Amino acid sequence: MNWIDKVVNGYANRRNKTLSTGLTSQEIESIIRNRHYANSALLKYISGSGPSFQSNCYNYCPPLQSLINKKANTFLRGELIPVNKDLQPIKSTAFLKDSKILDRPNQFQNRNQFLRSIDTFLNVYGICYIYKIIPEGFKDATGFVVIPNTAITPMYKSNVNVFDNQTDIIDSYNINLYGVMITIRGDDLKLIETIVDTTINTDKPFQPKSRIDSLEYPIKNIVASLESRNQIIVRRGAEIAISPKNGDTTAIMKVMTPQEKKDLQDEYAQYGTLTSQNHALIGRVPMDIQNISRPIQALGLFEGENADHRALANAYGVPIPILGIPDTTGKYSTYLEAKKEFVEDTIIPESQIIADGLNRLFNAQEYSFYFDYSNMECMQRSQKDRADSLKVMVESLASAVENKFITQQEAINLIKDYL
């Protein structure tokens, strides 16, 4: 029994005490929680917390990455227009001027790439940091750069009276990007604009929180399942074993040297399901045949991945049919119905968060940015349904006025309320 096994066995009886190994109970809990990840080539990267952890979740979990990309693709379908305080479209020369900057916010990105970075970083990290390029002698920004969350570290003040509603909780930003290290503090803090996701941080109020933080287990399950299926396909080994009926194989194994065992493992690696691999493991005296493998379906990996994929989708407000995985709820009768809910309940509210951020970036006064999705097919159908409903309502109210059940003014008021 190795020392880790001893720690695990002794931990049940001495949970809150420091053991003879010198480890605290918290350290032991970490060992127990992460012990089985040591066998994985990928899961060891999905650990810890903060931007590095969130980045690795995004990089190593294809379903999470495709889900966030699906949101970004739909978000970019919206047409960016200027509106007034009543959200009515208007014409604005200031908007046209700011739009030209947004078309090329920096030398590396165009408008779509810039907006996509903002949306992706919001979904991965829960916050997006944008640096405002303000030339010397100017007061307005002439460009913007999205700072990768792994390259910027906010330093929070230790003492802040949040009740005065005037003091910021940020003391400074440390940025390390492409070999350049800078610290931003004091009046220069206004150069950094943040756009924050709606997720509430209950542990550290007023600080950002990523949705990924609460999805650690589904993400690890998916990554482990994909890795397992890959290893089964690539290094599955023999499907059957043909070996002697009699013989003291236990004694043979005991006297094998480490090199002999390694040679046996190397030989076993030649077997599997790929074209160039062998499928039957043959002993020196072939007599008995025994199945030594099982199909992937028996492991339940596909069903487990789908269940975890649904957990990710629910956290990000994406209806299941849009992702092409089996929908067990039966909530949606058509794909367009799911798409319409996705746009109305997820994309439009979250696009307004980014629009508000753009308003702050440009210090918009004469207008407000707004993402219009009425051009999408699913929303146009919604507009048609609304028009049909309005027609029925008008006809009903006209009949009620004609029969003197209500007055004309009451009918007008009802129409206004409906609109």
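What you see is a predicted model, and the numbers here were worked out from it, not measured in a lab.
- No donor-acceptor pair under 3.5 Å is formed between the side chain of Ser399 and the backbone N or O of Glu395.
- In this model, no donor atom of one side chain and acceptor atom of the other lie less than 3.5 Å apart for Arg77 and Asn375.
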* To do: Run the numbers on Glu350 and Lys71 for salt bridge (Lys or Arg N to Asp or Glu O under 4.0 Å), then give the verdict.
  => CA-CA 10 Å; Glu350 293 185 10; Lys71 291 187 67 177; 2.8 Å; yes
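- Using modelled atom types, one finds no donor on one side chain facing an acceptor on the other under 3.5 Å when comparing Tyr58 with Asn123.
- Only one option out of Thr183, Asp187, Asp188 pairs with Arg185 in a side chain to side chain contact (heavy atoms under 4.5 Å, CB included); it is Thr183.
- Closest approach of Ala411 to Leu397, counting heavy atoms only: O-CD1, 3.7 Å.
- Phe371 and Leu358 get closest at one heavy-atom pair: CZ-CD1, 4.3 Å.
- Other residues, nucleotides and ligands place more than 12 heavy atoms under 6.0 Å from the CD1 atom of Ile182.
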* To do: In sequence, state the C-alpha distance, the side-chain angles, and the governing distance for Thr153 and Tyr173, and then conclude on side chain to side chain contact (heavy atoms under 4.5 Å, CB included).
  => CA-CA 6 Å; Thr153 303; Tyr173 291 105; over 6 Å; no
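- Annotation: the span from Cys61 atom SG to Ile222 atom CD1 amounts to 4.0 Å, rounded to 0.5 Å.
- Annotation for Tyr156: atom OH counts as buried by contact number, over 12 foreign heavy atoms lying within 6.0 Å.
- In this structure, Gln207 places its CD atom where more than 12 heavy-atom neighbours from other residues, nucleotides or ligands lie under 6.0 Å away.
- Here the side chain of Asn149 pairs a donor or acceptor atom with the backbone of Ile127 at under 3.5 angstrom.
- Around atom NZ of Lys132, more than 12 heavy atoms belonging to other residues, nucleotides or ligands sit under 6.0 Å away.
- Looking only at distances, a side-chain donor or acceptor of Tyr373 sits under 3.5 Å from a matching main-chain atom of Phe75.
- For Asp197, the salt bridge (charged side-chain N to carboxylate O under 4.0 Å, His left out) partners two or more places apart in sequence, or in a different chain, are Arg211.
- In this model, no donor atom of one side chain and acceptor atom of the other lie less than 3.5 Å apart for Tyr316 and Thr346.
- In summary, the side chains of Asn56 and Gln54 do not present any donor paired with an acceptor at a separation below 3.5 Å, with no hydrogens or angles considered.
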* **Step-by-step salt bridge (Lys or Arg N to Asp or Glu O under 4.0 Å) determination, Asp171 to Lys157** => CA-CA 5 Å; Asp171 180 66; Lys157 296 177 181 178; 5.5 Å; no
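- No option in Ile192, Val146, Ile195 other than Ile192 meets the side chain to side chain contact (heavy atoms under 4.5 Å, CB included) test with Tyr129.
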